[in-house]
Enquirer: 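Structure incoming, see below.
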Amino acid sequence: MSAMAYIAVSFLVVPLIIIIINNLISRKAAGKVSLYMACACAVIQMASSVTDFFLLSAKHLHEYKFTLLWNMEEAGAEHFGVTSLSLVILFCIGFVSLISVLIAFKTIEHKKISYVNLLMTLILGMNGMVIVTDLFSLYVFLEIVGISSFVLIAMFQSETGLEGAFKYLVMSALASIFILTGLSFIFMYTGSLQYSQIGDILSVKDGSQQTLIYAAVILLISGFAVKTGSVPFHSWLPDAHQSADTAVSVLLSGIVIKVAGIYSFIVLTNLFSGVPAINLTLAIMGIVSIVTGALLALRQTHFKRIVAYSSVSQMGYILLGISTGSTLGLVGAVAHIFNHATFKSTLFANAAALHEQTGTLDINEMGGLQKKMPVTGFSNIAAFLSTAGIPPFAGFWSKLLIIMALWKNSMQVYAGIALFSSILTAAYFLRMQKKVFFGKVPAKYAELKEIGGSIKFAEIMLTIVIIGAGVCFPLALMYLKGRGIL
Amino acid sequence: MNASGFGNIILITGLLLIISGCYCLIRTYHLLKITIGIELAMKAVTMFITLAGYINGNIDLAQAFAITSIVIEVVVTVVAAGIAINLYRKYGSMDVRNLRKLKG
Amino acid sequence: METVIYICLGLMLIFGVMAVMLHSMTKSAIALAAASAALGIIMYEMGAVWTALIEISVCSGLVTVIFISAISLSNMDKKELEKVYEDKKRMSLLPVILIVSGVVLVIAAISAGVSLPEANQTVNTSGDLREILWNNRQADIWGQIIIMITGSAAVVVLFRERD
């Protein structure tokens, strides 16, 4: 097999091997080694996705098809496929998993083996979602992601953790029911659910049979909107993020809501480009999410809840980018997926550092920690400037691309509201920064020290990535222009 | 009845089952009954998949979908029951009204 | 064939409503098992033989056992259940809602002229499922393997008593 085949297959095989090793060796040895193995898996995934991206562009292929242990040539057989878009998302998956493992070195003491098992199945589910070419397999891997994340939230059996996991489970089950009903309505009209065969069959239907297809599209959009956490189905998101352990919150906000929700929307808009009003629905959902998330974040007092509502708001930006339907919007949305992964991970790493050192996450109790924890304070400033879209940080470029795409598509009102809510974003983050890091130090924190070890390493690395991505972004844009995408 | 009416009746019955499952999910106070509501709705969805395969002529592909869907349904039930039992061990009862710690 | 399907549809609705409205949790789980059996008969009549087998053995059997073991870990007296949860009163609107929405749906279906595609009577024999499942849908089989690994990891971490 060629190099590309080995790399493409490794996305599925490496986590499976690590699960098998993790469970076969003795408990004591596994307790020491398992987190390092998870770290190795994340690094391997990042390296192989970057290598595959350059190999794919060198061969000028659009999509590389491969299978795992079965014959691809039979009639009606489905295959896995990697495109450039899926390779970018695979890189983000590897990156956020690495950050989560770095945080887990410090914050998780018991149950390390179970954490690594569930993290590997979560990575398998997300990898599977971006490389399948069939709608029903997309649903199966979506369920894998969902079940892994419920158990990860509920794992430590705290009262808030179990409650958050149960709320997430109920809403996710409703979403699965909607998605499956929509899929079965589509299956009634077409003979199969593969991506390549749906598009040409659906365009030749006449009016009387279109009622069910419209109903199917509405059901699919509602189901995926629950998974993304966009308004009006966002109520599970703050509870799940607040009550989970910080290593799990990074995963949830950094990659799960994006792969499970946003990638499905990208697939949906590609398949159903013939049905009008999908783009309008996505745009309206996006705008409402941006404003609602920002307004609700202004009155929170728990550090992680502010960050969770900020996630709701940023998902709205990505939805706006997808809803334009143009390539520029899609590139802006994917760039924002990567940027959001970086700055959200920074914010959660800071939350872990604060919780480890002070023992609380209530911003009213903290103050003046800039002198005691300088690295945490500086990375927090970098993260929130990037969120608000201030140059030269990376967030500025992706927001610029999205607003330019909206302007070109004559959706100027949306562009105006999106620009205005950058001010709201800066407002709630500034409030958080002021209360936590500036001001006077309360007496009980006089002996506080900076966080050390792996979390400090993660914060420094993330700050370098945010600033570096912001500086190198024009180079990436020129590279894309050279390849003819933009 | 013609073949088209037959399909419509199954469609309407399935939608009624989904409505009752969702109603049970929303109104009940008992943790395990929420799981029964989810189960009822997923049975209706399995019926939709089989109906789609029957109309399509491709009943074998629909059987493959339905079998996979049943496997997923069992695992979701097991996880939900596990979380419910853990909540029972913490609070001593299966009442949903106990879960009030996360607000705002 | 069609009369059998209609009878079983009616049975499934009745058992479903009973499962929602009953107080005692064990009777509710048994009503759900009976609804699964009715669904199995419907699927057999439509030609999906293997799915009917798996539905009856897994959903009617395995899931009911899981429910009853979970219920027996949290046993409550029937009178106490009625006083605390008041299921029959809270759910008493359900038959009314079902009848109203049934009428609404029938009217909507007739007026909008929703017509499903014509049923193809060329139902294949049961030998083909195994070929399709193992040759064409291998991604689903990998998915099932992974979801069973996830389920077992979940059970290990959630049900363990010692700390």
Side-chain angles (χ1 to χ4, degrees), chain B residues 1 3-4 6-13 15-17 19-21 23-24 27-30 32-33 35-37 39-40 43 46-47 50-51 53-68 70-75 77-79 81-86 88 93-95, chain C residues 2 9 12-13 16-17 19-20 25 28 32 35-36 39 42-43 46-48 50-51 54-55 58-59 62-63 66-67 70-71 73-74 84-85 87 90-91 94 97-98 101-102 105-106 109 114-120 122-124 128-129 132-133 137 140 144 147 150-151 154-155 158-159:
Chain B
M1 292 209 181
S4 163
F6 164 70
N8 278 345
I9 289 189
I10 297 189
L11 207 60
I12 292 181
T13 317
L15 282 174
L16 288 179
L17 273 171
I19 290 177
S20 22
Y23 186 75
C24 170
R27 289 277 285 178
T28 188
Y29 282 153
H30 195 279
L32 280 179
K33 219 167 220 175
T35 319
I36 289 187
E39 281 293 294
L40 201 58
K43 281 184 206 319
T46 316
M47 191 165 72
T50 327
L51 173 70
Y54 176 72
I55 288 180
N56 227 350
N58 205 352
I59 193 79
D60 296 316
L61 192 58
Q63 284 189 63
F65 288 163
I67 289 177
T68 312
I70 289 176
V71 169
I72 293 176
E73 177 185 335
V74 167
V75 177
T77 304
V78 165
V79 171
I83 296 183
I85 291 177
N86 267 311
Y88 175 74
S93 88
M94 285 262 196
D95 207 336
Chain C
E2 293 197 359
L9 275 178
M12 210 169 132
L13 257 181
V17 172
V20 170
M25 291 298 299
S28 197
L32 196 67
S36 298
L39 179 64
I42 293 178
M43 287 202 283
M46 279 209 252
W50 296 90
T51 311
I54 292 187
E55 165 85 30
V58 170
C59 287
L62 187 66
V63 172
I66 293 177
F67 268 127
I71 288 167
L73 280 172
S74 70
V84 173
Y85 296 114
D87 265 337
R90 278 181 69 80
M91 308 280 191
L94 184 61
I97 289 185
L98 280 184
S101 47
L105 280 173
V106 166
V114 173
S115 63
L116 298 173
E118 277 301 317
N120 266 336
T122 60
V123 180
N124 296 331
D128 283 340
L129 166 68
I132 287 189
L133 188 57
R137 306 228 47 108
D140 290 350
Q144 287 184 40
I147 214 171
T150 312
V155 165
L158 281 178
F159 282 92

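All values reported here derive from a predicted model rather than from experimental measurement. Each chain gets a letter, A, B and so on, in the order the sequences are listed, and its residues count up from 1.
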Enquirer: Is it the side chain or the backbone of Ile70(B) that comes within 4.5 Å of chain C heavy atoms, both, or neither?
Expert: side chain
Enquirer: Name the option with the most non-hydrogen atom pairs under 4.5 Å to chain B; the candidates are Val17(C), Ile42(C), Leu39(C).
Expert: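 Winner by heavy-atom pair count: Leu39(C).
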Enquirer: Do Met12(C) and Thr13(B) have side chains that approach each other closer than 4.5 Å (heavy atoms only, starting at C-beta)?
Expert: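 Of all side-chain heavy-atom pairs linking Thr13(B) with Met12(C), none is under 4.5 Å.
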Enquirer: Measure the spacing between OG1 of Thr51(C) and CG of Asp60(B) and express it to the nearest 0.5 Å.
Expert: 9.0 Å
Enquirer: In the structure I gave you, are the side-chain heavy atoms of Lys43(B) and Glu55(C) within less than 4.5 Å of one another anywhere?
Expert: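 SC-SC contact between Lys43(B) and Glu55(C) confirmed.
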Enquirer: Heavy atoms only: give me the nearest Lys33(B)-Ser28(C) pair and the separation to one decimal.
Expert: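 So the two residues come closest at CE-OG, 3.7 Å.
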Enquirer: Flag the one option from Thr35(B), Val78(B), Thr46(B) with the top tally of heavy-atom pairs under 4.5 Å to chain C.
Expert: Thr35(B)
Enquirer: Can Thr150(C) and Val75(B) be said to form a side-chain contact (heavy atoms from CB on, under 4.5 Å), step by step?
Expert: CA-CA 9 Å; Thr150(C) 312; Val75(B) 177; 5.7 Å; no
Enquirer: For Phe67(C), which residues count as a ring-ring contact (aromatic ring centres under 6.0 Å, His included) partner, sequence neighbours excluded?
Expert: none
Enquirer: Ile10(B): which residues meet the side-chain contact (heavy atoms from CB on, under 4.5 Å) condition with it, sequence neighbours left out?
Expert: Phe6(B), Met47(B), Leu51(B), Ile5(C), Leu9(C), Met46(C)
Enquirer: Using a cut-off of under 4.5 Å for heavy-atom pairs, which of Ala62(B), Ala66(B), Ser20(B), Ala81(B) has the most such pairs with chain C?
Expert: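 Top option by heavy-atom pairs under 4.5 Å: Ser20(B).
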Enquirer: CD1 of Ile67(B) to CD of Gln144(C): how many Å apart, nearest 0.5 Å?
Expert: 8.0 Å
Enquirer: Under 4.5 Å, counting heavy-atom pairs only, tell me which of Leu62(C), Leu98(C), Ile66(C), Ile54(C) racks up the most with chain B.
Expert: Leu98(C)
Enquirer: Judged by atom type as modelled, is there a donor-acceptor pair below 3.5 Å linking the side chain of Glu39(B) to the main-chain atoms of Leu32(C)?
Expert: no
Enquirer: Are the side chains of Leu158(C) and Ile83(B) in contact, using a 4.5 Å heavy-atom criterion?
Expert: yes
Enquirer: Between Val79(B) and chain C, with a heavy-atom cut-off of 4.5 Å, which part of the residue counts as in contact: side chain, backbone, both or neither?
Expert: both
Enquirer: By a 4.5 Å heavy-atom criterion (distance strictly below it), what part of Ile85(B) contacts chain C: side chain, backbone, both, or neither?
Expert: side chain
Enquirer: With a 4.5 angstrom heavy-atom cut-off, is it the side chain or the backbone of Ala70(C) that approaches chain B, or both, or neither?
Expert: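 For Ala70(C), backbone and side chain are both near chain B.
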Enquirer: Tell me, side chain or backbone of Ile19(B) under 4.5 Å from chain C's heavy atoms, or both, or neither?
Expert: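 Looking at Ile19(B), just its side chain touches chain C.
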Enquirer: Taking the side chain as C-beta and beyond, is there a heavy-atom pair between Leu73(C) and Tyr88(B) under 4.5 Å?
Expert: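 Answer no - side chains too far apart.
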Enquirer: Mind listing the closest non-hydrogen atom pair of Thr50(B) and Ala48(C) along with its distance?
Expert: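 Scanning both residues completely, I find the closest heavy atoms to be CG2-CB, 3.8 Å.
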